[in-house]
2 protein chains.
Amino acid sequence: MLQLTKRTEYGLLALVHLAEREGAVVSVREICERYPLPRRTVAEVLKELQHAGLVDSTRGSNGGYTLARTPELLTLGDVVSALEGAPPLTTCESPIVLKGGGCEVQPMCPIKSPIHRVRERLWQMLEHTTLRSLVSKTAHVPLGAPGAVESN
Amino acid sequence: MLQLTKRTEYGLLALVHLAEREGAVVSVREICERYPLPRRTVAEVLKELQHAGLVDSTRGSNGGYTLARTPELLTLGDVVSALEGAPPLTTCESPIVLKGGGCEVQPMCPIKSPIHRVRERLWQMLEHTTLRSLVSKTAHVPLGAPGAVESN
DNA sequence: GCAAACCGCACTCAAAAGGTGCGGATTCAA
DNA sequence: TTGAATCCGCACCTTTTGAGTGCGGTTTGC
């Protein structure tokens, strides 16, 4: 499906919240008090984002996460590629080949190259959408009412 | 995943082949002799495309499919929306809402509107990619060697 | 009549996505 | 020093979605 995964949504929401808190160390708990998301899954996503170098983690009692870069330098492309991998968009390269030597020999199957163009345009779009542009227009909402999800 | 489904690939390949044959009635068998695709699944996809009005079908012995419109008027967006449905890109509208009234009351959750922008741009891209642009640059290859897949 | 093609329901199988159990390590503060 | 809050990491389960097939039927041309 041409759709972002829930994990990517969670990651975006978490990053938006981190950006709103501007450098503060933010715990998973706080994020899940702001948004009704499953705590464990969000934690896993943050961990992946940390491994990808998008956020830094602080362990211990007052630990949590912070953005590793400014929101201007964090793009949707970074998030998607960290959580879903670079998008192949089709599996054309692997199984589907023209009979009698098509894609393999002559790298110009009738469908592959246009799809590649679509993919590249999509990818450019993702890479030019910064986290800042996802935050800037929205008021800096103070912490909302508590109530995480894990307890369900 | 930010990726087209195999069915969409099959549909595109089939439509490209239909376009190459310029109005001829093309059977599923012929398509599967051209590309090593599972016959039944391709048939199912063609059927869906027919229900969506993208192709016309002819029943009987020399039956098959033809394009319902010229390749200039058939877009990637038509194909994707016929086979995958209009892309929501996120499920933001349904389950994820800000606590204490966010998306519901004030339709401006910090993540929804930018995602919508991304979605719309992607959608525009799909709608401006015509089947013609997927075919034009490739030579009109004559029928290749036979050999469908169903027999596997 | 027979073969080739499309039609349509429903079903199975496999892969992906989403989420959780459980124990551990680290840090802060009382 | 003890305990609570936090992140860490592996492995597992459940649900959803995607891909493909069984099987019988209908339509059409030779």
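Atoms considered below: every heavy atom in the structure, side chains included; atoms not considered: hydrogens, waters and symmetry mates. To find a chain, count down the sequence lines: A is the first, B the second, and so on, and within it residues start at 1. Model, not experiment: these values are computed from the prediction.
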Could you walk me through whether B:Glu44 and B:Lys47 pass the side-chain contact (heavy atoms from CB on, under 4.5 Å) test, one step at a time? CA-CA 5 Å; B:Glu44 200 165 285; B:Lys47 189 178 54 183; 4.2 Å; yes
For B:Leu46 and B:Tyr10, what are the C-alpha separation, side-chain angles and deciding distance, and is it a side-chain contact (heavy atoms from CB on, under 4.5 Å)? CA-CA 9 Å; B:Leu46 262 314; B:Tyr10 298 168; over 6 Å; no
Stepwise side-chain contact (heavy atoms from CB on, under 4.5 Å) check, B:Val80 with B:Leu4: CA-CA 8 Å; B:Val80 172; B:Leu4 298 176; 4.0 Å; yes
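Regarding A:Glu9, its CD atom lies at a distance of 15 Å from the C1' atom of C:dG19, rounded to whole Å. Taking atom CD of residue B:Glu30 and atom P of nucleotide C:dA4, one finds them 16 Å apart after rounding to whole Å. To the nearest angstrom, C1' of C:dC7 lies 16 Å from CG of B:Asp56. In this structure, the CZ atom of A:Arg39 is 12 Å from the P atom of C:dT20, given to the nearest Å. A:Glu48 places its CD atom 11 Å from the P atom of C:dA17, with the value rounded to the nearest Å. The distance from atom CG of A:Leu4 to atom C1' of C:dA16 is 16 Å, rounded to the nearest whole Å. Rounded to whole angstrom, the span from the NZ atom of A:Lys6 across to the P atom of D:dT15 amounts to 15 Å. As a whole-Å value, the separation of A:Gln50 CD from D:dT6 P is 17 Å.
Distance alone, capped at 3.5 Å, is enough to place a donor-acceptor pair between the B:Glu84 side chain and the B:Thr5 backbone.
With a 4.5 Å cut-off on side-chain heavy atoms, B:Arg69 and B:Asp78 count as touching. Proximity of A:Leu54 to A:Leu74: side-chain heavy atoms (C-beta onward) are separated by under 4.5 Å at one or more points. Residues B:Leu126 and B:Val79 have side chains not in contact (no heavy-atom distance under 4.5 Å, counting atoms from C-beta outward). In this structure, A:Glu72 and A:Thr130 have side chains that are not in contact, with every pair of non-hydrogen atoms separated by 4.5 Å or more.
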Between N or O atoms, less than 3.5 Å apart, protein on one side and nucleotides 9-15 of chain C on the other: list the pairs.
none

Scan nucleotides 27-30 of chain D against the protein and return all N/O pairs shorter than 3.5 Å with their distances rounded to 0.1 Å.
from: D:dT28; atom 1: O2; to: B:Ser61; atom 2: N; distance (Å): 3.1

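The two residues A:Ala14 and A:Ile31 come nearest to each other via the heavy atoms CB-CD1, 3.9 Å. Taking each heavy atom of A:Ala82 and A:Leu49 in turn, the nearest pair found is CB-CD2, 4.1 Å.
Residue A:His51 places no side-chain N or O under 4.0 Å from the OP1 or OP2 atom of D:dC8. An OP1 or OP2 oxygen of D:dT6 is reached within less than 4.0 angstrom by a side-chain nitrogen or oxygen of A:Arg29. For the OP1/OP2 pair of C:dA17 and a distance below 4.0 Å, the side-chain nitrogens and oxygens of A:Gln3 include no atom meeting the criterion. Put simply, A:Tyr10 has no side-chain N or O that comes within less than 4.0 Å of OP1 or OP2 on C:dG18. Dashed line: the shortest gap from a side-chain N or O of A:Ser57 to OP1 or OP2 of D:dC8 is under 4.0 Å.
Nearest nucleotide to the A:Ser27 side chain, out of D:dC7, C:dT20, D:dA19: D:dC7. Of all nucleotides listed (C:dC6, C:dG18, D:dT21), C:dC6 comes nearest to the side chain of B:Tyr65.
Using a 4.5 Å cut-off between side-chain heavy atoms of Ile, Leu, Val, Met, Phe, Trp and Tyr, with links allowed through other members, B:Val16 and B:Val25 fall into different hydrophobic clusters.
Salt-bridge formation is detected for the pair B:Arg29/B:Glu33: a Lys NZ or Arg NE/NH1/NH2 atom is positioned less than 4.0 Å from an Asp or Glu carboxylate oxygen.
The C1' atoms of five pairs define one axis at each end of the helix from C:dG1-D:dC30 to C:dA30-D:dT1, and these two axes lie 10° apart (to 10°).
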